[in-house]
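Here is the structure we will look at.
All of these numbers come straight from a predicted model, not from anything done at the bench. Start at 1 with the first residue, then count along the sequence.
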Amino acid sequence: MEIAQAVATAWNKSNHSGRRDVALSVVAALSLAEQRDPNGPDLTEQLRSQSAEEFTSTLRQIYTALVNARPDLIHLIYPLMEWVFNEPDAALQRAAKDTADAALRAGQLDLTGTDSRYDTDLLGVVLALLKSDNATGANAQIYTPAPIADAMSYMLMAGINPAREGQSVMDPAVGTGGLFRAAAQVMRSNGQDPATVSWYGADIDDLAIAGCAVNSLLWRLGPRILLCVANTQTEGDWATRAEAQREEIVKLAESIRRDKLMLAAVRAAQQLTEIVADDMPDQGASTHD
């Protein structure tokens, strides 16, 4: 795929080629970028015109919005966004911006910003290309081409085993979710809504899991995304751990939101008290005829 190749080429030209997280983070964030004003300036040109520092700020805004919208995914996408909030140096920011420009020139937003995103796993291809040549065994990223994933999903989910709303779909070697994408497409072709499904997936690569979490948003897989980093050959009960992690992070997010609301209420009360106090007459003052 031209876009993925452009990303890998640009990133490998930098002095940070070992930081796969940064390059994948850039592509993931661009996938989530939206044209807020249909009549406004072209989003691709807006992003390309930004400086490296401005683009890093844009990445922070995108990931902040994602965390606020889907706190249940925080622990999954953290490997992608950690560098953005960790005061990256100027050289790393420049490398990230050069990579973004390469993706934008290759037409990424024409893919991920349209319905064409349902037909491909861009993050999977990017991650596979970014993997070092000597990555083998558990560290190797094996990308399932879209046509093969589509065929497998059709054979598994059609016919005697049709996809049904409310069911669970499980992939113990999920990667960036290519089979999830294909299964969701089969469901849509059968008039089913993928957002009603619980999607269980595990992978030994935390970046692959992060990419799968982002893809779940692009492919509109719904709120029941249960992923975890695990070696499923040695951890048989990984699905239970995925459920527990999601429940814990959701409770934590709810607690933080309550604390924020409480703090906002306290501040509002303090401001109201100050206003009332300013409006009250000075009790120590008196008038004499």
Group every Ile, Leu, Val, Met, Phe, Trp and Tyr by side-chain heavy-atom contacts under 4.5 Å, then state whether [X] and [Y] land in the same group.
| X | Y | value |
| --- | --- | --- |
| L24 | I74 | yes |
| L226 | I209 | no |
| V186 | M170 | no |
| V84 | I77 | yes |

Has [X] got more than 12 heavy atoms of other residues, nucleotides or ligands less than 6.0 Å from its [atom1]?
| X | atom1 | answer |
| --- | --- | --- |
| N15 | CG | no |
| R48 | CZ | yes |
| Q233 | CD | no |
| E2 | CD | no |
| E235 | CD | yes |

What distance do [X] atom [atom1] and [Y] atom [atom2] have between them, rounded to the nearest 0.5 Å?
| X | Y | atom1 | atom2 | value |
| --- | --- | --- | --- | --- |
| T44 | D101 | OG1 | CG | 10.5 Å |
| R246 | L227 | CZ | CG | 10.0 Å |
| T56 | L92 | OG1 | CG | 8.0 Å |
| C212 | D205 | SG | CG | 11.5 Å |
| F180 | D121 | CZ | CG | 11.5 Å |
| L122 | R117 | CG | CZ | 12.5 Å |

side-chain contact (heavy atoms from CB on, under 4.5 Å) assessment of E248 paired with K251: CA-CA 5 Å; E248 181 180 356; K251 287 182 178 178; 5.9 Å; no
Using every non-hydrogen atom in the two residues, find where [X] and [Y] come nearest and quote the distance to one decimal.
| X | Y | result |
| --- | --- | --- |
| A33 | I62 | CB-CD1, 4.2 Å |
| A103 | I3 | O-CG2, 4.3 Å |
| A96 | V22 | CB-CG1, 4.1 Å |
| V125 | A4 | CG1-CB, 3.5 Å |
| A239 | Y200 | CB-CD2, 3.8 Å |
| P194 | A184 | CG-O, 3.6 Å |

Working for side-chain contact (heavy atoms from CB on, under 4.5 Å), residues L129 and V7: CA-CA 9 Å; L129 290 178; V7 168; over 6 Å; no
side-chain contact (heavy atoms from CB on, under 4.5 Å) between R188 and R220, worked out: CA-CA 11 Å; R188 292 187 179 98; R220 297 185 180 180; 4.0 Å; yes
Within the 4.5 Å heavy-atom criterion, are [X] and [Y] side-chain neighbours or not?
| X | Y | value |
| --- | --- | --- |
| M81 | V67 | yes |
| V26 | F55 | yes |
| V169 | M187 | no |
| T120 | R181 | no |
| T58 | E54 | no |
| W11 | R19 | yes |
| L80 | L207 | yes |
| W83 | S25 | yes |

For [X], side chain to side chain contact (heavy atoms under 4.5 Å, CB included) partners two or more places apart:
| X | answer |
| --- | --- |
| T240 | D237 |
| R94 | A52, K97, D98 |
| D110 | none |

Residue pair S216 / W199, side-chain donor-acceptor N/O under 3.5 Å: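 S216 vs W199: no donor-acceptor pair found between side chains.
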No-hydrogen, no-angle side-chain donor-acceptor test under 3.5 Å, Q108 and S31: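 Distance-only check passes for Q108 and S31.
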Short side-chain to backbone donor-acceptor contact, E165 and D193, under 3.5 Å: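 Indeed, once roles are kept as given, a pair shorter than 3.5 Å links the two residues.
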Any donor-acceptor pair under 3.5 Å from N12 side chain to A8 backbone: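 Side chain of N12 to backbone of A8, a donor-acceptor pair under 3.5 Å: yes, one is there.
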Derivation of the side-chain contact (heavy atoms from CB on, under 4.5 Å) call for M1 and L111: CA-CA 11 Å; M1 181 183 292; L111 174 67; 4.3 Å; yes
Qualifying residue, where the test is side chain to side chain contact (heavy atoms under 4.5 Å, CB included) with L221 and the options are I225, L217, L218: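 The single option meeting the side chain to side chain contact (heavy atoms under 4.5 Å, CB included) with L221 is I225.
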